[in-house]
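In what follows, a single structure is set out as structure tokens and then discussed.
Each chain gets a letter, A, B and so on, in the order the sequences are listed, and its residues count up from 1.
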Amino acid sequence: MNPDHEWMDQASTRRLLTRPAAEIARRLLGSSLTSTVDGIRVEVRVTEVEAYGGVGEDPGSHAFRRQTARNAAMFGPPGRSYVYFTYGMHWCLNVVTCPAGTAGAILIRAGEVVGGLDAARGRRPRARQDVDLARGPARLTRALGITGAMDGVDLLDRGSPVQLRLPALPAPAVAITGRTGVAGPGALTPWRFAADHPTVSPYRPASPRARG
DNA sequence: CTCGAGATGGCCT
DNA sequence: GGCCATCTCGAGT
């Protein structure tokens, strides 16, 4: 997907993570996400992301109302992880954006496993094809072995169990739509960004709940 | 391909 | 008590 890669340095990455959400989200496509869990390394190339805003500005965001114990990482410095538990069984990974004290995050929705294939397959035995290993936010964390224990880690630190490197150049083709799991106000905000790649989930806008 | 429902538990009102 | 930033399987078109 991104031949002959050059990666952004850490200082430039931190600076970029304080830019407007749409710009960050677009630049995250093609990123390298690496986990080292139990000494096993798995690497994913990011193909799909969604942006989420801060207090009072994005009804679809966990931070919309105020800071709580769960969303605390969203209010921390940029470049950290925000990992949350949902539907009673799934973990999802975000990259924290915005300066500390201001909430913002980008949900990593999908990627292509480019390293540690055997480990990823072992963690995702139900996946029929390799493109399905990290196709979806909870599938991606499962393939990488990411859990709530990694909430709040610095993704730009070489010592972290989960690490992120942004591509020096933006991905070429990017589809921009409304966010997948978001209903109600904010559903139409064009904050989902996807590369042209088979690991990207088919876009399904959240449907309003059926009435009586 | 699409649709619907069950799993399963924490968070927030 | 209601609502999830989801995934999987089975059945239908």
Review point. Which part of the nucleic acid does A/Arg124 contact within heavy-atom distance under 4.0 Å: base, sugar-phosphate only, or nothing?
Key: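 Sugar-phosphate, no base atom in range.
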Practice item. For A/Arg139, answer base if it contacts any base atom (sugar-phosphate contacts may also be present), sugar-phosphate if it contacts only those atoms, and nothing otherwise; contact means non-hydrogen atoms under 4.0 Å. Key: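 Result for A/Arg139 = sugar-phosphate.
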Step through the shown structure and confirm whether more than 12 heavy atoms of other residues, nucleotides or ligands are within 6.0 Å of [atom1] on [X].
X: A/Leu188; atom1: CG; result: no
X: A/Arg14; atom1: CZ; result: yes
X: A/Arg41; atom1: CZ; result: no
X: A/Arg142; atom1: CZ; result: no

Review point. Ring of A/Tyr87 versus six-membered ring of C/dC4: centres under 5.5 Å and planes under 30°?
Key: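 Base of C/dC4: stacked against A/Tyr87.
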Practice item. May I ask whether A/Tyr84 stacks on the base of C/dA5, given the cut-offs of 5.5 Å between ring centres and 30° between planes? Key: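 No; by the centre-distance and plane-angle rule, A/Tyr84 does not count as stacking on C/dA5.
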Review point. Can you check side chain to side chain contact (heavy atoms under 4.5 Å, CB included) on A/Leu107 and A/Tyr84, steps first, answer last?
Key: CA-CA 10 Å; A/Leu107 171 69; A/Tyr84 69 92; 4.3 Å; yes
Review point. With sequence neighbours left out, what residues match A/Arg165 under salt bridge (Lys or Arg N to Asp or Glu O under 4.0 Å)?
Key: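 With neighbours one apart ignored, the set is A/Glu43.
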In whole Å, what is the span from the [atom1] atom of [X] to the [atom2] atom of [N]?
X: A/Met89; N: C/dT8; atom1: CE; atom2: C1'; result: 10 Å
X: A/Leu133; N: C/dC7; atom1: CG; atom2: P; result: 13 Å
X: A/Phe85; N: C/dC7; atom1: CZ; atom2: C1'; result: 13 Å
X: A/Gln129; N: C/dC7; atom1: CD; atom2: C1'; result: 16 Å
X: A/Arg123; N: C/dT8; atom1: CZ; atom2: P; result: 16 Å
X: A/Trp91; N: B/dT8; atom1: CH2; atom2: P; result: 16 Å
X: A/Arg109; N: C/dT6; atom1: CZ; atom2: C1'; result: 9 Å

Check your understanding: Counting distance only, does the side-chain N/O of A/Glu48 pair as donor-acceptor with the main-chain N or O of A/Ser201 below 3.5 Å?
Key ->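 Yes; at least one donor-acceptor contact below 3.5 Å.
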Check your understanding: Which nucleotide, C/dT6, B/dG10, C/dA5, lies nearest any side-chain atom of A/His90?
Key ->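 Ranking C/dT6, B/dG10, C/dA5 by closest atom to the A/His90 side chain puts C/dT6 first.
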Check your understanding: A/Tyr52 has a side chain; which of B/dG9, C/dA5, B/dT8 sits nearest to it?
Key ->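 Closest nucleotide among those given: C/dA5.
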Review point. Which residues within residues 56-69 of chain A lie with some heavy atom under 4.0 Å of an atom in DNA chain B?
Key: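 When residues 56-69 of chain A is checked for heavy atoms under 4.0 Å from DNA chain B, the hits, listed by number, are A/Arg65, A/Arg66, A/Thr68.
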Exercise for review: If the plane angle is over 60° it's perpendicular, under 30° parallel, otherwise tilted; pick one for A/Tyr82 and A/His62.
Suggested key: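 If you compare the ring of A/Tyr82 with that of A/His62, the planes turn out perpendicular.
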Practice item. Taking only the side-chain nitrogens and oxygens of A/Arg126, find out if one of them lies under 4.0 Å from OP1 or OP2 of C/dC9. Key: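 Yes, within the criterion.
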Practice item. Verify the distance criterion only: is there a donor paired with an acceptor across the side chains of A/Ser12 and A/Asp9 at less than 3.5 Å? Key: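 A/Ser12 vs A/Asp9: donor-acceptor pair found between side chains.
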Practice item. Toss me the dot-bracket line for DNA chain B: Watson-Crick and G-U wobble, both under 3.5 Å, 5' to 3', using | for pairs to another strand and [ ] for crossers. Key: |||||||.||||.
